[in-house]
Amino acid sequence: GFIWNTMLKAFVRGNRVQDSIFLYKLMLENGFVCIDNYTYPILIQGCSLSLSEFGGIEVHDHVVKMGFDGDVYVVNNLINMYSVCGHIGDARKVFDGSPRLDFVSWNSMLAGYVTEGNIEEAKLFYTQMPKRNIIASNSMIVLLGRSGRLSEAHQLFKDMVEKDMVSWTALISCYEQNLMYKEALDLFFTMRQNGISVDEVVFVSVLSACSYLLSFKIGELVHSFVIRFGFESYVNLQNALIHMYSRCGDVLAAQKLFNNGCFLDLITWNSMISAYMNYGLVVKARELFDSMPEKDVVSWSSMISGYAQLNKFSETLALFHEMLHQGVKPDETTLVSVVSACAQLAALDQGKWLDAYIQKNG
RNA sequence: UGUCUGGUUGACCCU
C-alpha cells in the first residue's frame, strides 16, 4: 500500500484533491488491500487543505465503514478537517467519540477553538487538558493576542515553564496585531539576547513591524541578520524585504531585490506593483502588471486602487472594466476604489451601473 | 509513507 499512499500524498501536496479522490477510488477497486491506516490521514488532509467539507464527510463515512475510526492519526485528522471547514461541533463529536486520544488530539481540538476565536471554550478546554504542552500554550497565546488580550497573552507566555521559538514569534505577532510594533521589535531583540534560535518566519514578522514603523534603519539591520543567517533566498523573506524597503522610502532597494530575485511568487509581483504605484511610478507598475505570468484579485486591486490614489480616475474605471471583462471577480477593496472614482468623475451612469452590480453580487 | 501552534502583498477605517 505504501506506493499508493505515496502517490496520494503527491497529489495532496500538489493541491490536486480531485486526483487524490480519483486515485482513492482506484484503490477501492483494487480490492482494499492497498488501503491501510496511512491512507485516510492523507486523504483527510487533502480535504482540509482544500476546505472540501463534503469530500471530508464522505471520507469520514468510508473511515467508519473500513473500521479505521479508532486510529488516533485518523481521528486527529478528522478533528482538524472539521475545524478548518468551520464545523467545530462535528470536530468535537469526533473528539468525544474517539476511543483513543493523544496530546495531538487535544491540540487539534484546541486549535479549532482558536481558529473560531472562541475564547471561552478554548480557555475551558485548555484547563481541562490532561497535560498542557508548548503547542497548546502557543495556540492560546495566539488566541489571546487576536482577541486584544495582550496582558493575558504576555502572562501566559511568562508562566510557561518551557518556551520555544514559536512561543516568542507568537507573542511578537500579538503585539503586531495590536499595532504595538515598537514592543514587537523590542521583544525580537530580547529574543536574540536570550539566545533563542530564529527562523525565516520570525524575520518576516519582524520586517512587517519595520514596515509599519517606517523604520528604515531597523529594517536594514534586520536585512543584515537575514543575510547572516542565510535566509535571503526565501521567497517570503524577499517579499517582506521588498515591502519593507518600499514602505520605508527606498523603492530602488525594493526594485533591486525584485530584479535579482529568483523563484518569485504572486505576492512578490503584487508587492512590487503597489510599491511603484505608491511612488507614482505608474508606467513601471503597469509594465509589471501587463507582464505578469498570472494575476489575482490583489494584482488588479493594487493597480486599480493605485490609479484612484493618484487621481487617475478614468484609468481606474478602464482597468476595472478590463478586470470584469477577463472574468476576475472584484472584492470589496476593488469596489471601494471604483466607487470613489465614479464619485470623483461624477460618473453618474457608471455609478448607477456599479450600484446595480454590487446589489446583484451581494 | 500520515496528524496539532507563529509569518509576507491591495482600498477605506483605526492607530
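Labels below follow one simple rule: chain letters A, B, ... track the order of the sequence lines, proteins then strands, and each chain is numbered from 1.
At a threshold of 4.0 angstrom between heavy atoms, the contacts of Val114(A) with the nucleic acid are absent. Across all strands, Asn133(A) comes closer than 4.0 Å to no nucleic acid atom at all (heavy-atom distances).
No more than 12 heavy atoms of other residues, nucleotides or ligands lie within 6.0 Å of NZ in Lys312(A), so this atom counts as exposed by the packing criterion.
Transitive grouping of hydrophobic side chains (ILVMFWY, heavy atoms separated by less than 4.5 Å) brings Phe32(A) and Leu26(A) into a common cluster.
Using a 4.0 Å cut-off on heavy atoms, the residues of residues 2-34 of chain A that approach RNA chain B are Phe2(A), Asn5(A), Lys9(A), listed by number.
For residues 10-19 of chain A, the set of pairs meeting the salt bridge (charged side-chain N to carboxylate O under 4.0 Å, His left out) definition, not counting sequence neighbours, comprises Arg16(A)-Asp19(A). Identified under the side chain to side chain donor-acceptor pair (under 3.5 Å) test for residues 187-213 of chain A, with sequence neighbours left out: Glu176(A)-Ser205(A).
The distance between atom CZ of Phe103(A) and atom C1' of rU5(B), rounded to the nearest whole Å, is 12 Å. Rounded to an integer number of Å, the gap from CH2 of Trp168(A) to C1' of rU5(B) is 17 Å. Summarising the geometry, the separation between CG on Asn80(A) and P on rU3(B) is reported as 10 Å, rounded to the nearest angstrom. Taking atom CE of residue Met165(A) and atom P of nucleotide rG7(B), one finds them 13 Å apart after rounding to whole Å.
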(message) Only Watson-Crick and G-U wobble pairs with both distances less than 3.5 Å should count. Give RNA chain B in dot-bracket notation, marking inter-strand partners with |.
(response) ...............

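Residue side chain Tyr38(A) meets the stacking definition with respect to rU1(B): its ring centre sits within less than 5.5 angstrom of the base's six-membered ring centre, and the planes differ by less than 30 degrees.
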(message) Protein within reach of the bases, or only the backbone? For nucleotides 8-15 of chain B, mark each nucleotide 5' to 3' as B, S or -, using heavy atoms under 4.0 Å.
(response) BBBBS-B-

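For Ser83(A), the side chain to side chain contact (heavy atoms under 4.5 Å, CB included) partners are Ile79(A), Ile88(A), Ala91(A), not counting sequence neighbours.
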